[in-house]
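Just the heavy atoms: all of them, side chains too, but no hydrogens, waters or symmetry mates, feed the values below. Keep in mind the model is a prediction, meaning the values are calculated, not measured. Protein chains get the first letters and strands the later ones, always in sequence-line order, with residue 1 at the start of each.
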Amino acid sequence: MNLKDFLNEEQYEAVTTIDGPLLILAGAGSGKTRTITYRIAHMIKDLEINSYQILAITFTNKAAKEMKERVRSLIGQVAENMWISTFHSLCVRILRREIEKLGYTKSFTIYDFYDQKTLVKQCMEILKINTDNFEVSEVIRKISNYKNKFIKPSEAISQEAGYREKIFAKIYELYENKLHENNSLDFDNLIFKTIELFEKFPDVLAFYQSKFKYIMVDEYQDTNYSQYYLVKLLALKYKNICVVGDDDQCIYQWRGADINNILDFEKDYKDTKIIKLEKNYRSKANILNAANKVILNNLRRKDKVLRPINSDGEKLKLFKAGSAEEEALFVVNEILRIMKSKGYEYKDFGILYRTNSQSRIFEEIFVKHQIPYKLIGVVRFYERKEIKDIIAYIKTVVNPNDEVSLRRIVNEPKRGIGDATIDKLFEYAEQNGITLFDSMVACGEISTISTRTSNTIKEFVNIIFELREEKELKTSEFIKLVLKKVGYIDFLKNSKDSEAQTRLENIEEFINAAVNFEDLNYGASIDEFLENITLISEVDKYDEASSSVTLMTLHSSKGLEFPVVFMVGMENGIFPSNKCFDEVDEMEESRRLCYVGITRAKDILYFTYANLRMVYGETNFRTKSKFLTEIPRDLIVDINFDGDEKIVQKNESLTKFGKFSYDQKFNEPSKIKNNISKDEIKIGRKIKHKTFGNGMIVKIEDNVDDVKLYVAFDNNGVKKLLLDKAPIEFI
DNA sequence: TAATAGGATATTTTT
DNA sequence: TATCCTATTA
Ligand SMILES: Nc1ncnc2c1ncn2[C@@H]1O[C@H](COP(=O)(O)OP(=O)(O)OP(=O)(O)O)[C@@H](O)[C@H]1O
């Protein structure tokens with residue numbers, strides 16, 4: 001391959017350094033992912049390394065898929081046996097082969113957050129823990145923390161000293177036992193159990209160590225301890241390990257990512273070669289410079305160089321909206337405007353926000369104005385109630401031990417098996433050391449259950465038994481069979497649920513998804529289908545080819561790029577969130593998130609915020625984000641609703657709060673150019689504008705919080721300007 | 001046991 | 001505001 005045609009010198013060096021530990025530490029848009037991709041292609045095509053020996057780990061399934069496709073097009077052939085995947089998919093793949101060694105069966109189910117929640121609640125009930133003092137979500141976070149640090153339940157119990165901590169550890173232990181009983185793993189367990197497997201069975205580890213002679217990890221800054229440890233185990237034999245990342249883009253500390261994994265890499269691996277990529281290929285210079293300036297405010301970081309190769313481009317634009325609605329309307333307006341004037345398409349726009357809840361208003365307004373959009377959100381398709389119900393049926397059929405799923409569907413649709421009955425069944429199961437399902441089979445033996453109820457239970461059990469006979473059906477056929485046997489469709493049709501129609505449509509779509517899956521994965525089993533839908537994430541459905549604008553959180557945007565980016569809701573309390581103001585670490589992580597957001601933009605970057613916004617059903621005043629004040633003034637310009645320039649400097653005599661205005665205290669010190677007093681501003685007065693040149697004031701609007709000037713420019717017609725903000729001088 | 005009403009509670013971020 | 005949970009009643 002003619003690598004030098006596609007890579008700069010440093011990238012080239014990284015691609016051709018194959019042996020030994022290699023750290024590529026580089027800023028946003030410097031071509032890190034590109035470098036890994038070419039590195040893989042180079043290994044296979046030029047060095048004739050067997051693709052079987054390569055392992056590449058990406059952050060999302062989407063990134064993995066893309067990398068696979070890129071590599072394929074570079075080497076001109078399919079490399080089927082190459083492992084490019086996320087940590088989670090990698091581990092599932094290993095565990096599906098080996099998990100019997102750990103006492104699970106191969107048809108284990110993967111629990112998502114909601115299943116996890118149900119199970120934790122159960123555990124807390126069993127341990128009689130008062131939910132007033134211990135919140136379920138807090139417990140889940142705690143348990144997740146243990147697993148991210150590879151702390152086993154027994155270790156947690158012996159290590160924890162505090163009263164609350166001891167209780168957390170206890171729940172953790174019971175939760176783990178329950179998971180095992182249910183033959184299930186949660187997300188974190190996928191990694192945890194893989195490590196456990198490697199520790200307990202050195203021969204298995206040795207096999208994978210020999211197999212993966214070359215290992216690459218993208219987005220390494222966001223790995224947690226367990227992931228780090230897993231990689232370390234795998235790389236131990238050959239030490240051909242290449243990690244790539246940017247410490248300034250570490251945005252998942254809250255879920256256990258440890259920035260030190262990347263910072264201490266060289267301490268961990270002797271003779272590490274470090275390569276820095278210092279050219280940014282993605283963004284216009286103004287955008288990049290703003291990003292660089294913002295991140296400079298983080299004190300705990302390694303300084304690095306990132307130079308633009310692109311021209312300045314347009315200045316960053318800031319719009320202050322009166323309300324959240326206006327904010328969304330502005331975005332619509334701008335999208336349409338610059339599509340027309342600059343020829344962008346819908347797919348060129350990314351709208352990024354801090355919290356998922358912010359997307360709603362945008363959806364509403366986009367629908368109203370017929371802007372095609374794609375929402376990358378948290379309420380995933382597969383998490384809708386009706387879909388989860390069907391999945392729970394499938395899981396119950398596939399994995400007889402899965403109690404969480406069983407409980408979910410035992411009375412869904414309502415068939416008269418209520419809480420009281422379930423408690424009785426549960427008790428019986430406990431006493432006899434059998435599973436809940438088995439106690440249902442034996443429900444005739446339980447004297448406290450009426451014959452009528454026990455008949456209903458038997459009916460249900462029979463449905464499951466009959467379905468188990470049909471496991472070998474194609475997934476889509478199987479789903480249809482479930483629906484038929486259970487009578488789910490009729491149940492929905494007859495229900496008064498106002499959403500029944502949508503639910504039916506969703507089920508329709510679910511079946512389509514299954515058909516789709518079968519087409520793509522010929523002969524795949526139902527287990528594989530389940531796994532696929534549990535591990536698939538939201539960003540994975542982002543498709544840059546589709547002709548719609550994209551709505552997503554800043555977190556999801558990591559690794560992507562858009563010609564035009566809107567960062568919306570730039571308000572203190574939202575971004576950065578209130579918590580950040582108490583904790584430096586949180587603030588710095590937030591700032592990194594801001595850095596990530598800014599650097600997604602290639603050509604044009606907008607910031608918006610709303611003066612008034614409803615939060616929790618209460619409308620309150622907002623102030624503009626602290627991060628905005630960290631952007632140098634000469635890189636950003638205030639614009640009005642129609643996208644015309646408004647701002648730049650402050651006029652001292654008109655500031656309401658005396659010499660040190662609020663803005664001056666919290667923003668970059670603004671230059672005060674004129675000592676003009678209010679009564680000197682009158683119609684007929686000559687002024688000079690930074691971009692529009694000389695002109696004369698023709699009208700003055702004195703509002704409560706700003707003064708609007710209508711200025712007739714000698715060469716630019718009449719413009720509306722804000723006295724406060726416009727870059728004007730009085731002459 | 002099922003359905004409903006009223007109250008508490010939440011918004012970070014996700015594989 | 002919207003959702004989720006609990007307690008009450010039919
Ligand atoms: N040598 C190069 N020549 C031309 N374009 C390049 C080069 N290197 C990178 N690019 C382009 O720059 C953009 C950013 O590349 P890439 O996504 O690989 O960067 P990254 O460092 O992984 O970014 P991030 O850290 O933001 O995820 C891409 O559009 C890529 O095609």
Task: salt bridge (Lys or Arg N to Asp or Glu O under 4.0 Å) partners for Arg613(A), two or more places apart - done: Glu327(A), Glu571(A)
Open item on the list: Asp247(A): which residues meet the salt bridge (Lys or Arg N to Asp or Glu O under 4.0 Å) condition with it, sequence neighbours left out?
Closed with: Lys304(A)
Using atom types as modelled, flag every donor-acceptor pair under 3.5 Å from a side chain in residues 406-414 of chain A to any protein atom, sequence neighbours excluded.
{"residue": "Arg408(A)", "atom": "NE", "partner": "Asp389(A)", "partner atom": "OD1", "Å": "2.9"}
{"residue": "Arg408(A)", "atom": "NH2", "partner": "Lys385(A)", "partner atom": "O", "Å": "3.4"}
{"residue": "Arg408(A)", "atom": "NH2", "partner": "Asp389(A)", "partner atom": "OD1", "Å": "3.1"}
{"residue": "Asn411(A)", "atom": "OD1", "partner": "Arg415(A)", "partner atom": "N", "Å": "2.8"}
{"residue": "Asn411(A)", "atom": "OD1", "partner": "Gly416(A)", "partner atom": "N", "Å": "3.2"}
{"residue": "Asn411(A)", "atom": "OD1", "partner": "Ile417(A)", "partner atom": "N", "Å": "3.2"}
{"residue": "Asn411(A)", "atom": "ND2", "partner": "Ile417(A)", "partner atom": "O", "Å": "3.1"}
{"residue": "Glu412(A)", "atom": "OE2", "partner": "Lys385(A)", "partner atom": "NZ", "Å": "3.2"}

Task: Leading and trailing nucleotides of DNA chain C with any atom under 4.0 Å from heavy atoms of chain A - done: dT1(C) to dC5(C)
TODO: Quick one: list whatever passes salt bridge (Lys or Arg N to Asp or Glu O under 4.0 Å) with Glu386(A), sequence neighbours left out.
DONE: Arg503(A)
TODO: List in chain and number order the residues that pass salt bridge (Lys or Arg N to Asp or Glu O under 4.0 Å) with Glu196(A), two or more places apart in sequence or in another chain; answer none if no residue qualifies.
DONE: Lys193(A), Lys200(A)
- [ ] Go ahead and write out DNA chain B as dot-bracket, 5' to 3': ( ) for pairs within the strand, [ ] for ones crossing earlier pairs, | when the partner sits on another strand, dots for unpaired; Watson-Crick or G-U wobble, both distances under 3.5 Å.
- [x] ||||||||||.....
Open item on the list: Going by the rule side-chain contact (heavy atoms from CB on, under 4.5 Å), which residues pair with Phe581(A) if we only count those two or more places apart in sequence or in a different chain?
Closed with: Asn572(A), Pro576(A), Met587(A), Lys626(A)
Distances for protein N/O vs nucleotides 1-5 of chain B N/O pairs under 3.5 angstrom?
{"residue": "dT1(B)", "atom": "OP1", "partner": "Gly418(A)", "partner atom": "N", "Å": "3.2"}
{"residue": "dT1(B)", "atom": "OP1", "partner": "Thr421(A)", "partner atom": "N", "Å": "3.2"}
{"residue": "dT1(B)", "atom": "OP1", "partner": "Thr421(A)", "partner atom": "OG1", "Å": "2.3"}
{"residue": "dA2(B)", "atom": "OP1", "partner": "Gly416(A)", "partner atom": "N", "Å": "3.1"}
{"residue": "dA2(B)", "atom": "OP2", "partner": "Asn411(A)", "partner atom": "ND2", "Å": "3.0"}

Task: Set of residues satisfying ring pair (Phe, Tyr, Trp, His ring centres under 6.0 Å) with respect to Tyr228(A), sequence neighbours excluded - done: Tyr225(A)
- [ ] Can you sort out the partners of Tyr111(A) under ring pair (Phe, Tyr, Trp, His ring centres under 6.0 Å), two or more places apart, ordered by chain and number?
- [x] none
- [ ] Apply ring pair (Phe, Tyr, Trp, His ring centres under 6.0 Å) to His555(A) and list each qualifying residue two or more places apart in sequence or on a separate chain.
- [x] Tyr252(A), Trp254(A)
